[in-house]
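Naming: A, B, ... by sequence-line order, numbering from 1 per chain.
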Amino acid sequence: MKYWLLKSEPETFSVEDLAKARNRTTSWHGVRNYQARNFLRDDVGKGDRGFFYHSSCAVPGVVGIVKIVRAGYPDSTAEDPRSEYFDPSSERSEPRWYTVDVQLERKVEPPITLDELRAHASRELKNMLVLKRGNRLSVTPVTREEWQFILSLR
DNA sequence: GCCAACGTTGGC
DNA sequence: GCCAACGTTGGC
């Protein structure tokens with residue numbers, strides 16, 4: 001089993017939205033970055049776990065634990081002209097963008113804030129990608145050690 | 001709203 | 001292939 005950190009802007013889609021979704025499950029569509037796409041397409045597997053992370057908001061941080069319930073498959077919003085994620089250069093015969101399905105296991109309450117994560121940035125979370133300056137990747141791998149350490153905070 | 005950091009685009 | 005211009009991300 002592998003571990004991931006998945007960013008979402010709560011104004012677009014929050015952990016509360018996921019809690020209300022049917023089966024507490026959603027397609028993680030809309031990722032339009034090649035490095036993140038490659039993770040979704042090639043590396044994120046069914047049964048993997050992820051941190052649901054709120055970004056671009058008042059209190060950024062880990063707000064939930066999700067389980068990957070479906071591995072990478074083509075993101076159909078890229079083909080939908082009415083979708084805000086429409087990509088006219090993507091073609092159905094050769095899908096450019098991928099998504100996975102995630103199910104909420106539990107909320108993390110209270111959230112593990114970015115500040116709290118940073119408090120460990122010189123030791124346990126020294127290599128945590130989300131704490132690196134300038135990091136903008138919306139899907140990042142998390143090591144088993146980082147995963148277990150962060151879980152131990154709640 | 002600001003701005004640093006980074007990714008993408010497109011002319012050459 | 002280079003790189004300047006531009007757009008986006010995301011913390012503050």
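By the salt bridge (charged side-chain N to carboxylate O under 4.0 Å, His left out) test, A:Asp80 pairs with A:Arg82, sequence neighbours left out. Remark: A:Glu16 engages A:Ser14, A:His54, A:Lys107 in a side chain to side chain contact (heavy atoms under 4.5 Å, CB included) (not counting sequence neighbours). The side chain to side chain contact (heavy atoms under 4.5 Å, CB included) check on A:Glu124 picks up A:His120, A:Phe149, with sequence neighbours excluded. With sequence neighbours excluded, the residues that form a salt bridge (charged side-chain N to carboxylate O under 4.0 Å, His left out) with A:Arg154 are A:Glu116. Residues satisfying the ring-ring contact (aromatic ring centres under 6.0 Å, His included) test with A:Tyr3, not counting sequence neighbours, are A:Trp147.
Residues of residues 119-128 of chain A that place a heavy atom closer than 4.0 Å to DNA chain B do not occur.
Applying the ring pair (Phe, Tyr, Trp, His ring centres under 6.0 Å) rule to pairs touching residues 95-118 of chain A yields A:Tyr34-A:Trp97, sequence neighbours excluded. For the ring pair (Phe, Tyr, Trp, His ring centres under 6.0 Å) condition, the pairs that include at least one residue of residues 57-92 of chain A, sequence neighbours left out, are A:His29-A:Tyr85.
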| message | Each nucleotide in nucleotides 1-6 of chain C should get exactly one letter: B, S or -. Can you fill that in based on protein heavy atoms under 4.0 Å? | response | ------

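Through direct or indirect side-chain contacts shorter than 4.5 Å among Ile, Leu, Val, Met, Phe, Trp and Tyr, A:Leu129 is connected to no other residue. A:Val69 belongs to no hydrophobic cluster, as no Ile, Leu, Val, Met, Phe, Trp or Tyr side chain comes under 4.5 Å of its own.
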Tabulate protein N/O versus nucleotide N/O from nucleotides 8-12 of chain C, keeping only pairs under 3.5 Å, one per line.
unit_1: C:dT8; atom_1: O2; unit_2: A:Arg136; atom_2: NH1; d: 2.5
unit_1: C:dG10; atom_1: OP1; unit_2: A:Lys7; atom_2: NZ; d: 2.7
unit_1: C:dG10; atom_1: OP1; unit_2: A:Arg136; atom_2: O; d: 2.9
unit_1: C:dG11; atom_1: OP1; unit_2: A:Tyr53; atom_2: OH; d: 3.0
unit_1: C:dG11; atom_1: OP2; unit_2: A:Ser56; atom_2: N; d: 2.9
unit_1: C:dC12; atom_1: OP1; unit_2: A:Arg118; atom_2: NH1; d: 2.9

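Remark: the backbone N or O of A:Gln103 is not paired with any side-chain donor or acceptor of A:Asn23 at under 3.5 angstrom.
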